[in-house]
Asks: 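The structure under discussion is supplied below as structure tokens; questions concerning it will follow.
The first residue of the sequence shown is numbered 1, and numbering continues consecutively from there. Nothing here was measured: the structure is a model prediction, and the numbers come from that model.
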Amino acid sequence: MLSFFRKGGGGQIIVGAVVFAIIIVFVLEFRPGREGGSGFSRECAVKVYDACVDRKEYFAAYGLIVPRDMPQKKIKSMGLKKVVMDGFVERELLLKEAERLGLGVSDAELDEELASGRARISLPYHQLGWLGYTLGVSDEMVRMLQVKSAQSGEFDYKIYERTVRNATNRSPKEFKEMQRREVIAQRMRDLVRSRVRVSEIEAYTQWERERSKAVARVASVPREWFAKWVVDASDAGVDEWALKNEKQVSDAWKQAEANWKPECPVVSEVVASVEEESGDATKTERRQKVQAALDRIKKGEAFDTVARSASEGAAAELGGDLGCLNETYGPGSKELLDAVKTMKPGQVSEVIESKRGFHVIKLHSLVAEKDLESVGRRSTARRLAVPALATELAKEFADKLIEKVKAGAKLEDAVKELSLDYAQRRAGKKPALAAAPGAAPVAAKKTDPPAMEDPLRPKVEITAPFSVAGSPVEDPLPGEAPAAKVFELAKVDSLVEKPVRTNAGFAVLQLKEKTPAKKEDFEKDRLSILRALRVTKEQDAVARYIASLRSKVKDKVTYDQRLLEDTSTQDDGSGDG
């Protein structure tokens, strides 16, 4: 072969052609920006439009962002691999905007930044607060690196190079280019912040809203209490409601009909739930609670009354009524169905243990085929009627309460009076006690109905001081703004005109006291207040700006799913120097 080349002529021409072809291939294969296809192609951890963040840079950023001693379990629960990638997405979007605006950074500025030990990273901006705190990263998204000599306190290139390689597995050259992109992205964030303006009037208005305080009396009117103790859930009461809401009942019955079969056991329950991991002490306490309920039933208390006061199930407000017991009950259905097989209609079981907890059940009937639809529809209607009627009664109660207080009654007295009145609507009269022969009858001891012992009964509480941005009630429905309504009240003891709707029912609000913020207090801290408001508005401006950029690229972003699924966090490459 060597002699062939030495002869020259045509052989040299062929060799030259081969060499030229190889050069062309390498030029085409490794030209700037080439990706995909070849085994030599650049692997992207994240792509945004045509911008590719390669795996090396991903691992470098991961090394800066995630503390080395952080447990893998916490890394996974926080989703930090995705966090690193999302940070790159935001950075690339900001870089694209910076390019459009002609924003950059000089080598001198970049060298000064690196010599200070400031390593910049990008985190998802809307998560920056808790991420920064957890990861030990500043609000400016900076991780400080050790780059100075302990003896002289001056920048030391060897220390810098060693620190960079240890933290990122990148060469100083690669790290500098990575930081160039991070610094430009940060300048875009700074540019957005610089456009924020805060006036003194705006600052005072917000400060006054936050510093002015009010205290209110809140009468809570829970819908559940009315469902359990006040609604007429008798067959007659349910039938009357169903007649007025026939379409609603028919639609619901179509959904429930498949679960009602001939000889279906209609039961009620008292249940105390138990978590699977609960210890013996908890299980014993739960069993004792159900046993105490059973003892009350054996002494003559109505099953539905005991269920309303003692059961923890969703059916408690229905007196424990489960309707047709079948597998749709979920965990515990097998144990309850097995118990029913040994019972007769009207019978109450002993305590039953299941996966769900401890139960006592009462078998009402085994539904005959001819009665299936009438019994099933009524049971279905009851589940609709009770919450609907409870809402109506709770609203009626709240309206009457406002009327009574406006007429001069104290809020606490009016709540107690009305609660007793509503509780007695369904409470039976107490029989006279048996007397000795020849003696006058002994009147029954006057006691409050069981409803008045329920912790859910309407009651009045005094709030802690709150601002207009706070809330004097738990879980108000959207649009209610209870704090604002209280602050609109001019006089102490005046009421918000209408009940406030909450997720639990209604609340009646009465102003107890109001303490306006003072202008002179604002003047003392005016500069710090202006500064704090500016920081808040700047953060909001950047968050909204980035959210706007991200909303336009939902289908232009791709992640390397292998990196998200891989348990390893080690780079598979090394710096190129």
Side-chain angles (χ1 to χ4, degrees), residues 228 233-235 238-239 249 252-278 280 282-386:
K228 289 169 68 174
S234 67
D235 289 349
V238 170
D239 290 345
V249 174
W253 170 240
K254 287 178 183 178
Q255 299 294 321
E257 186 175 4
N259 295 322
W260 286 76
K261 306 292 184 185
E263 299 301 305
C264 165
V266 178
V267 303
S268 294
E269 76 165 347
V270 175
V271 60
S273 301
V274 178
E275 299 291 337
E276 287 187 17
E277 62 272 17
S278 298
D280 291 341
T282 300
K283 289 182 178 179
T284 298
E285 182 270 328
R286 303 272 80 194
R287 175 183 281 275
Q288 289 173 346
K289 178 178 180 179
V290 174
Q291 183 63 53
L294 177 58
D295 292 342
R296 289 169 56 189
I297 293 166
K298 288 181 176 180
K299 290 178 181 178
E301 281 194 65
F303 191 100
D304 64 332
T305 300
V306 175
R308 287 185 177 92
S309 62
S311 183
E312 298 174 356
E317 65 182 31
L318 304 173
D321 177 22
L322 296 178
C324 173
L325 178 63
N326 52 52
E327 289 77 9
T328 61
Y329 178 85
S333 59
K334 181 182 183 302
E335 291 85 352
L336 299 190
L337 286 167
D338 287 345
V340 164
K341 292 175 183 177
T342 66
M343 296 172 63
K344 296 179 180 179
Q347 187 176 350
V348 176
S349 72
E350 295 298 319
V351 176
I352 303 165
E353 182 175 0
S354 80
K355 292 181 179 180
R356 181 172 297 196
F358 296 95
H359 316 249
V360 168
I361 61 173
K362 179 176 181 177
L363 175 60
H364 297 287
S365 66
L366 299 174
V367 185
E369 186 171 5
K370 64 182 180 64
D371 299 325
L372 203 59
E373 182 171 355
S374 61
V375 174
R377 283 180 66 92
R378 179 179 286 153
S379 179
T380 302
R382 181 172 282 110
R383 277 152 181 73
L384 299 172
V386 169

Asks: Checking Ser379 side chain against Gly376 main chain: does a donor-acceptor pair fall under 3.5 Å?
Replies: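 A pair under 3.5 Å: no.
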
Asks: So which heavy atom on Ala310 is nearest to which on Arg296, and how close?
Replies: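 Nearest heavy atoms, Ala310 then Arg296: CB-NH1, 4.2 Å.
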
Asks: Name all pairs fulfilling the disulfide (SG to SG under 2.5 Å) condition that reach into residues 336-379, sequence neighbours left out, sorted by first residue then second.
Replies: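 Counting only pairs at least two positions apart or across chains, no disulfide (SG to SG under 2.5 Å) contact touches residues 336-379.
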
Asks: Looking at Glu353 and Arg287, is there a salt bridge between them, counting it only when a charged N and a carboxylate O are closer than 4.0 Å?
Replies: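 Yes, Arg287 and Glu353 are salt-bridged.
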
Asks: Between Lys228 and Glu317, does a salt bridge (Lys or Arg N to Asp or Glu O under 4.0 Å) hold up when you go through it step by step?
Replies: CA-CA 4 Å; Lys228 289 169 68 174; Glu317 65 182 31; over 6 Å; no

Asks: Apply salt bridge (Lys or Arg N to Asp or Glu O under 4.0 Å) to Asp304 and Lys362, showing your working.
Replies: CA-CA 10 Å; Asp304 64 332; Lys362 179 176 181 177; over 6 Å; no

Asks: Donor-acceptor pairs under 3.5 Å, side chain of residues 256-264 to any protein atom, not counting sequence neighbours: which ones?
Replies:
| residue | atom | partner | partner atom | Å |
| --- | --- | --- | --- | --- |
| Lys261 | NZ | Ala258 | O | 3.4 |

Asks: If only atom types and distance count, is the side chain of Ser354 paired as donor or acceptor with the main-chain N or O of Glu335 below 3.5 Å?
Replies: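 No; zero donor-acceptor contacts below 3.5 Å.
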
Asks: Do Arg308 side-chain atoms and Ala316 backbone N/O form a donor-acceptor pair below 3.5 Å?
Replies: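 Judged by distance alone, no pair lies under 3.5 Å.
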
Asks: Quick one: pull up CG in Leu336 and CG in Asn326 and give me the separation to the nearest 0.5 Å.
Replies: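 Reported value, rounded in 0.5 Å steps: 11.0 Å.
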
Asks: Give every donor-acceptor pair under 3.5 Å between a side-chain atom in residues 337-345 and any protein atom, sequence neighbours left out.
Replies:
| residue | atom | partner | partner atom | Å |
| --- | --- | --- | --- | --- |
| Asp338 | OD2 | Lys334 | NZ | 3.1 |
| Thr342 | OG1 | Ala339 | O | 2.9 |

Asks: Would you verify whether the NZ or CZ of Arg356 falls within 45 degrees of the ring axis of Tyr329 while also being under 6.0 Å from that six-membered ring's centre?
Replies: yes

Asks: Which value, rounded to the nearest 0.5 Å, describes the distance between Leu363 atom CG and Glu269 atom CD?
Replies: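 Output value for this atom pair is 13.5 Å.
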
Asks: Decide yes or no on side chain to side chain contact (heavy atoms under 4.5 Å, CB included) for Val360 and Val348, but give the supporting numbers first.
Replies: CA-CA 7 Å; Val360 168; Val348 176; 3.5 Å; yes

Asks: Roughly how far apart are Ile361 CD1 and Ser268 OG, rounded to 0.5 Å?
Replies: 9.5 Å

Asks: State, to 0.1 Å, how close Val238 and Ala233 come at their nearest heavy-atom pair, and which atoms those are.
Replies: CG2-O, 3.6 Å

Asks: Going from CG on Asp239 to CZ on Arg382, what distance comes out if it is rounded to the nearest 0.5 angstrom?
Replies: 8.0 Å

Asks: Taking atom CD of Gln347 as the centre, does the number of heavy atoms from other residues, nucleotides or ligands within less than 6.0 Å exceed 12?
Replies: yes

Asks: Could you tell me if Ser374 and Arg378 have a donor-acceptor pair between their side chains, going purely by distance under 3.5 Å?
Replies: no

Asks: Rounded to the nearest 0.5 Å, what separation is found between the CG atom of Leu294 and the CZ atom of Phe358?
Replies: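 Spacing of CG (Leu294) from CZ (Phe358) equals 13.5 Å.
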
Asks: Would you check if there is a donor-acceptor pair between the side chains of Arg286 and Ser273 at a distance under 3.5 Å?
Replies: no

Asks: When you look at Val249 and Arg377, which way does the side chain to side chain contact (heavy atoms under 4.5 Å, CB included) test go after all the steps?
Replies: CA-CA 7 Å; Val249 174; Arg377 283 180 66 92; 4.1 Å; yes

Asks: For Gly323 and Arg383, work out which heavy atoms get closest and say how close.
Replies: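 The pair with the smallest heavy-atom distance is N-NH2, 3.2 Å.
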
Asks: CD of Gln288 to CG of Asp295: how many Å apart, nearest 0.5 Å?
Replies: 11.0 Å

